Protein chains: 2
Amino acid sequence: MAQDFSKPAVTVDVVIMTLRDDDLHVLLIKRDHVPYRGRWAIPGGFVHLNESLEAAARRELKEETGVTDVYLEQLYTFGDPRRDPRGHVISVAYIALVPEPLAVKGGSDAREARWWSIQQLPPLAFDHARIVDYALTRLRYKIEYSAVGFRLLPETFTLSDLQKAYEIILAEPLDKRNFRRRIIEAAVIEPIDEVRSGEGRPARLYRFRPDAVAEVKARRLFP
Amino acid sequence: MAQDFSKPAVTVDVVIMTLRDDDLHVLLIKRDHVPYRGRWAIPGGFVHLNESLEAAARRELKEETGVTDVYLEQLYTFGDPRRDPRGHVISVAYIALVPEPLAVKGGSDAREARWWSIQQLPPLAFDHARIVDYALTRLRYKIEYSAVGFRLLPETFTLSDLQKAYEIILAEPLDKRNFRRRIIEAAVIEPIDEVRSGEGRPARLYRFRPDAVAEVKARRLFP
DNA sequence: TCAAAAGTGTTTGTGGTACACCCATGG
DNA sequence: CCATGGGTGTACCACAAACACTTTTGA
């Protein structure tokens with residue numbers, strides 16, 4: 001793609017996160033062009049003319065994972081002129097939460113793509129380490145006052161699944177009874193008429209209530 | 001300025017807010033070029049090549065108000081390709097909080113610029129009404145868990161000044177004793193050895209503690 | 001019948017909210 | 001001495017946190 005650098009260029013980059021093997025994972029692709037050839041990077045690309053930012057983000061998401069209907073949120077816009085050695089490239093970063101470790105559909109080109117534990121990332125291209133870090137901070141913050149956590153789970157799940165997801169994201173254990181009480185009282189999920197059997201007592205399955213208010217404002221004044 | 005539209009252009013637009021006459025005000029400039037000639041707009045302009053976004057925002061801020069050392073925060077990036085009739089123009093919006101109704105230093109050109117009450121804004125150019133609306137939402141939200149409110153006040157202020165600022169922003173009355181207790185306990189301000197006299201009993205003056213933690217995270221899980 | 005995970009209530013403490021009167025100064 | 005805004009403490013309530021045992025199933 002020929003680039004002209006008479007004004008800044010704009011990319012979208014998407015931090016695609018999921019839960020896998022009891023750990024939060026990020027999808028990275030191995031770059032096959034300079035700069036940072038061979039380095040891992042979060043998926044992204046230039047915004048097309050007359051394409052909205054969200055459309056560009058969804059396009060990248062679909063190219064890398066094949067998924068189309070997932071949670072997507074604008075994270076922050078990174079505009080340091082030195083962040084890309086090719087010239088001034090502004091990156092509008094997004095967070096995507098995908099509900100399960102969907103098969104990584106390789107892009108149209110044969111780029112290597114895989115999930116990495118957010119605890120053990122390889123060196124990343126550009127300022128992508130900073131972007132991932134910022135995404136994790138935002139996710140941790142947001143999960144406490146909104147219902148985004150559910151977006152990392154499949155359509156039906158048990159309360160233990162949900163608690164485990166929260167514990168993974170927050171990186172700390174939660175009390176089972178308090179957790180259940182709060183989730184139930186928040187009325188963001190509803191039981192369905194099924195259970196899941198496995199080792200031990202079968203667990204009731206729940207689903208997210210699509211009509212639930214996703215976000216609640218807190219009155220605090222610096223708690 | 002000649003524009004080329006082979007790829008999206010990028011502007012920064014700054015919602016500059018202050019407190020004036022017991023009301024939250026926004027600085028608007030009257031456009032003297034098409035499109036939206038004669039309409040009011042928030043200050044902004046194209047990002048220069050090799051200029052960071054924050055530098056561009058501070059440049060606009062200085063051009064319009066002359067102030068240099070104020071609170072500035074990235075708000076959101078608006079990228080709908082139809083938001084500017086000239087073509088695809090992406091706007092990275094910022095919020096600036098200025099501590100008092102500084103004299104509006106006219107820009108280098110003789111554009112008209114003035115403060116408008118956020119309650120009674122004129123019709124705005126582009127999607128700027130939406131941007132201002134979003135800025136107000138963010139400010140209201142943020143003032144509850146961080147110390148940004150102080151950035152709208154002069155260096156020294158009374159507790160009544162501060163409470164009034166909060167009441168104006170939140171558009172609701174606050175209890176005087178509870179407000180004072182919380183602010184004091186948060187340890188974000190400190191008294192100075194002066195009082196301000198006026199009608200009634202003189203009031204102790206305070207200043208913001210620059211070493212105070214500006215933001216505190218709350219544990220909630222959908223309250 | 002044992003292992004493994006699901007499910008369930010109560011107590012205690014902390015923080016939020018509501019609320020009314022005296023104080024210091026200037027005119 | 002009066003008007004004006006500044007400054008202060010307590011009681012109640014609601015929500016958050018800590019905590020242990022019983023239930024249900026499959027092997």
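Every chain is numbered from 1, with letters handed out A, B, ... down the list of sequences. FYI, side chains are in, hydrogens and waters are out, and symmetry mates aren't considered; it's all heavy atoms of this structure. The structure displayed is predicted, hence computed values, not measured ones.
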A.B. asks: What is the separation between atom CD1 on B/Ile183 and atom P on C/dG16, rounded to the nearest whole Å?
C.D. replies: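 Interatomic distance, CD1 of B/Ile183 to P of C/dG16: 13 Å.
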
A.B. asks: Taking B/Asp175 for the side chain and B/Asn178 for the main chain, is one N or O donor matched with an acceptor at less than 3.5 Å?
C.D. replies: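 Yes; at least one donor-acceptor contact below 3.5 Å.
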
A.B. asks: I need a per-nucleotide contact map over nucleotides 18-25 of chain D, read 5' to 3'. Cutoff is protein heavy atoms under 4.0 Å; write B for the base, S for backbone only, - otherwise.
C.D. replies: BBB--BBB

A.B. asks: If the helix axis at each end comes from five base pairs, how far does the helix from C/dT1-D/dA27 to C/dG27-D/dC1 deviate from straight, to 10°?
C.D. replies: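 Both end axes considered, the difference amounts to 0°.
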
A.B. asks: Expressed as a whole number of angstroms, how long is the span from A/Gln163:CD to C/dT8:P?
C.D. replies: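 Going from CD in A/Gln163 over to P in C/dT8 covers 14 Å.
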
A.B. asks: Using a 3.5 Å distance criterion without hydrogens, assess whether the side chain of A/Glu167 forms a donor-acceptor pair with backbone atoms of A/Leu174.
C.D. replies: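 Looks like yes, one N/O pair under 3.5 Å.
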
A.B. asks: Closer than 3.5 angstrom, by distance alone: can the side chain of B/Arg39 be matched with the main-chain N or O of B/Leu124 as a donor-acceptor pair?
C.D. replies: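 Confirmed, B/Arg39 side chain pairs with B/Leu124 backbone.
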
A.B. asks: For the residue pair B/Asp13 / B/Ser91, report whether a side-chain donor-acceptor contact shorter than 3.5 Å exists.
C.D. replies: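 B/Asp13 and B/Ser91 do have a side-chain donor-acceptor pair below 3.5 Å.
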
A.B. asks: Starting from C1' on C/dA6, measure out to OH on A/Tyr206 and report it in whole angstrom.
C.D. replies: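 Those two atoms, OH and C1', are 10 Å apart.
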
A.B. asks: Rounded to the Å, how far apart are B/Arg182 CZ and D/dG9 P?
C.D. replies: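 Result: 17 Å.
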
A.B. asks: Between C1' on C/dG16 and CD on B/Glu185, what's the gap in Å once rounded to a whole number?
C.D. replies: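 My rounded result for the distance is 11 Å.
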
A.B. asks: Can you tell me how far C1' of C/dT25 sits from CZ of B/Arg196, to the nearest Å?
C.D. replies: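 Rounded to the whole Å, the gap is 15 Å.
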
A.B. asks: Just how far, in rounded Å, is P of D/dT8 from CZ of B/Phe179?
C.D. replies: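 After rounding, the reported distance stands at 14 Å.
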
A.B. asks: If you compare every side-chain N and O of A/Arg180 against the phosphate oxygens of C/dG7 (OP1, OP2), does one of them come in below 4.0 Å?
C.D. replies: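 Yes, such a contact exists.
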
A.B. asks: Whole angstroms only, please: what is the CD-C1' distance between B/Glu194 and C/dT25?
C.D. replies: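 After rounding, the reported distance stands at 17 Å.
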
A.B. asks: Main chain of B/Ile42, side chain of B/His128: is a donor-acceptor contact present, judged purely on distance under 3.5 Å?
C.D. replies: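 The answer is yes, because a donor-acceptor pair under 3.5 Å joins these two groups.
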
A.B. asks: If I compare all heavy atoms of B/Ile29 with all of B/Glu64, which pair ends up nearest, and what's the gap?
C.D. replies: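 Closest approach of B/Ile29 to B/Glu64: CG2-OE1, 3.3 Å.
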
A.B. asks: Under 4.0 Å between a Lys/Arg side-chain N and an Asp/Glu carboxylate O for A/Arg204 and A/Glu194?
C.D. replies: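 Here A/Arg204 does not pair with A/Glu194 in a salt bridge, since their nearest N and O are not under 4.0 Å apart.
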
A.B. asks: Under the side-chain hydrogen bond (donor to acceptor under 3.5 Å, both in side chains) criterion, do B/Asp80 and A/Ser52 qualify, and how do the steps go?
C.D. replies: CA-CA 5 Å; B/Asp80 187 318; A/Ser52 76; over 6 Å; no

A.B. asks: Taking the basic N atoms (NZ, or NE/NH1/NH2) and the acidic carboxylate oxygens, is any pair closer than 4.0 Å for B/Arg140 and B/Glu144?
C.D. replies: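 Looking at B/Arg140 and B/Glu144, the cut-off is not met.
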
